[in-house]
Amino acid sequence: MATFTFELVSPERILFSGDAVSVIVPSVEGEMTVLAGHAPVVAVLKPGIVLVQTGASNGKEFFVSGGLAEVNATSVTILAEQARFLEDVDNAVLDQEILTAETRHAGSHDEAEKKRLHDQLVQLREFKGVFEQRKAA
Amino acid sequence: MPSLKDLRNRIASVKATQKITKAMQMVAAAKLRRAQSAAEAARPYAERMETVLANLASGISGAGAPKLIGGTGSDKVQLLVVCTAERGLCGAFNSSIARLARDKALALKAEGKTVKFVCVGKKGYDILRRQFAADILEVIDLRAFKQLGFANAETIAQSILARFANGEFDVATLFFSKFKSVISQIPTAQRIIPAEIPAGTKTMSAVYDYEPEESEILETLLPRNLTVQVLRAILENAASEQGARMSAMDSATRNAGEMIKKQTQLYNRSRQAMITKELIEIISGAEAL
């Protein structure tokens, strides 16, 4: 199977670096699956799950709170604002994220910034809903 | 000739100092390990960010470019962001960063430009305010934070960005100390606004698709890049500080050891001299009888 180099980096550390078969990326305009040979894309991410397939059967899931994905001919790089292994995520973590976003939204004065933070807040709440459903299932 | 009691006191006080410097060295060594791994972990992100930005920036240029990358078209007002430590006793660490900033400021002033300062860390402020008290806009105190993180960098970056949006300056330069090794920290100046695009990065000529618009991406990416560069600076700085403190305290401990040795020798010698003197007195007293 054709593979490409995938890297998931957060400001604190590198979470994943290696070959991948496919990566599902939560772009702001919808989830997209990247396979080898994907057209070059730069996409802004929303809070969501990044699913990396390293082989036919094994995959890894990460939670990202936003960031940027760069896809070029040979590699995919995700620069996440914050990223964790999905196993390490629970409701408390998400609540904390929502709380930070809320305080920042309340404290922001710039109109464009406010809009961006508002969008992020909505996306976070949305994701929390999805996350809870997932856990229930 | 100091009395024996004086010498004893002096030795005791040097010993106490040595204990303190030794403890500080060990604390710095423990902190260094953590600060170093944090600084090293932050490097890949900043590097990737630079590459992505370079790729993006190669696609846009000219008048349409955002100000954060293209500049304001002037370099009259210069902002120097000086990152130093909150505490002293770390050798030449603080003063070498401050000196670099001061030299740059004086050179810029000689060219007839306006210089403004933002100080991150109290020590740099203490040094710079002697000469530039009127030019210092803000002092950011990070003392309350044990482990510096993304949030701290964001506060600093937000403050810089707000000033840039208000048109308070045209060019910003970040001063910090790059951590090379425990004994070597390099004071560095890095231009952050307009963003420095590393030359020689292989520019992927691939035409990217953008999701959402290109301009929108750059709008979020450029401020974040600034945050990341600031984050890298403060983390490198934290590691450098501990490294500098460790080697400063190491040599202080060694100096104290040498001093103790010398003083003890002096003490023993004068003690023996006193005994000899007393013996001579007794003997000559006995002979006189």
Side-chain angles (χ1 to χ4, degrees), chain A residues 5-17 25-32 34 37-46 65-83 96-97 99-101 103-104 107-113 115-117 119-120, chain B residues 37-57 59-60 147-155 157-158 161-162 165-166 202-225 227-232 234-235:
Chain A
T5 325
F6 173 66
E7 277 180 332
L8 176 59
V9 277
S10 80
E12 280 90 21
R13 60 193 171 136
I14 297 183
L15 281 101
F16 185 97
S17 177
V25 177
S27 143
V28 277
E29 299 193 342
E31 294 200 337
M32 78 184 171
V34 180
H38 195 282
V41 159
V42 172
V44 175
L45 306 184
K46 64 179 182 186
S65 69
L68 189 89
E70 190 215 12
V71 181
N72 60 36
T74 53
S75 70
V76 175
T77 312
I78 291 185
L79 299 168
E81 274 174 16
Q82 268 185 48
Q96 185 57 41
E97 286 276 325
L99 196 70
T100 351
T103 29
R104 278 171 55 184
S108 159
H109 302 294
D110 184 30
E111 206 53 49
E113 180 73 10
K115 188 180 166 297
R116 199 179 68 78
L117 286 170
D119 288 352
Q120 197 191 10
Chain B
S37 59
E40 269 159 16
R43 271 180 202 166
Y45 189 84
E47 275 159 20
R48 301 297 188 302
M49 182 69 109
E50 259 171 12
T51 330
V52 172
L53 201 62
N55 284 345
L56 278 172
I60 47 140
Q147 184 69 46
L148 299 170
F150 198 72
N152 305 111
E154 207 156 37
T155 336
Q158 290 299 341
L161 283 171
N166 286 344
K202 48 172 181 16
T203 40
M204 305 266 183
S205 48
V207 187
Y208 284 101
D209 278 336
Y210 294 98
E211 238 179 77
E213 293 289 299
E214 193 173 347
S215 56
E216 234 172 281
I217 289 186
L218 271 172
E219 237 160 65
T220 54
L221 185 62
L222 287 171
R224 195 175 310 148
N225 176 54
T227 313
V228 169
Q229 300 306 334
V230 172
L231 176 73
R232 175 159 72 161
I234 58 176
L235 289 178

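Lettering follows sequence order; numbering is per chain, from 1. Nothing here was measured: the structure is a model prediction, and the numbers come from that model.
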Rounded to the nearest 0.5 Å, the CZ atom of B/Arg48 sits from the CG atom of A/Leu8 at a distance of 11.0 Å
Bottom line for B/Leu235: the part with an atom under 4.5 Å from chain A's heavy atoms is neither
The interface call for B/Glu154 against chain A, heavy-atom contacts under 4.5 Å, is side chain
When the 4.5 angstrom heavy-atom criterion is applied to A/Thr100 and chain B, the contacting part is neither
Residues passing the ring-ring contact (aromatic ring centres under 6.0 Å, His included) test with B/Phe150, sequence neighbours excluded, are none
The salt bridge (Lys or Arg N to Asp or Glu O under 4.0 Å) partners of B/Arg43 (sequence neighbours excluded) come to B/Glu236
Whatever's closer than 4.5 Å to a heavy atom in chain B on A/Val44 counts as both
Of the listed A/Glu29, A/Met32, A/Arg13, A/Gln82, the one with the largest count of heavy-atom pairs under 4.5 Å with chain B is A/Glu29
* Sub-4.5 Å side-chain heavy-atom contact between A/Glu81 and B/Arg224 -> yes
Counting heavy-atom pairs under 4.5 Å with chain B, the top scorer among A/Gly30, A/Ala80, A/Ala39 is A/Ala80
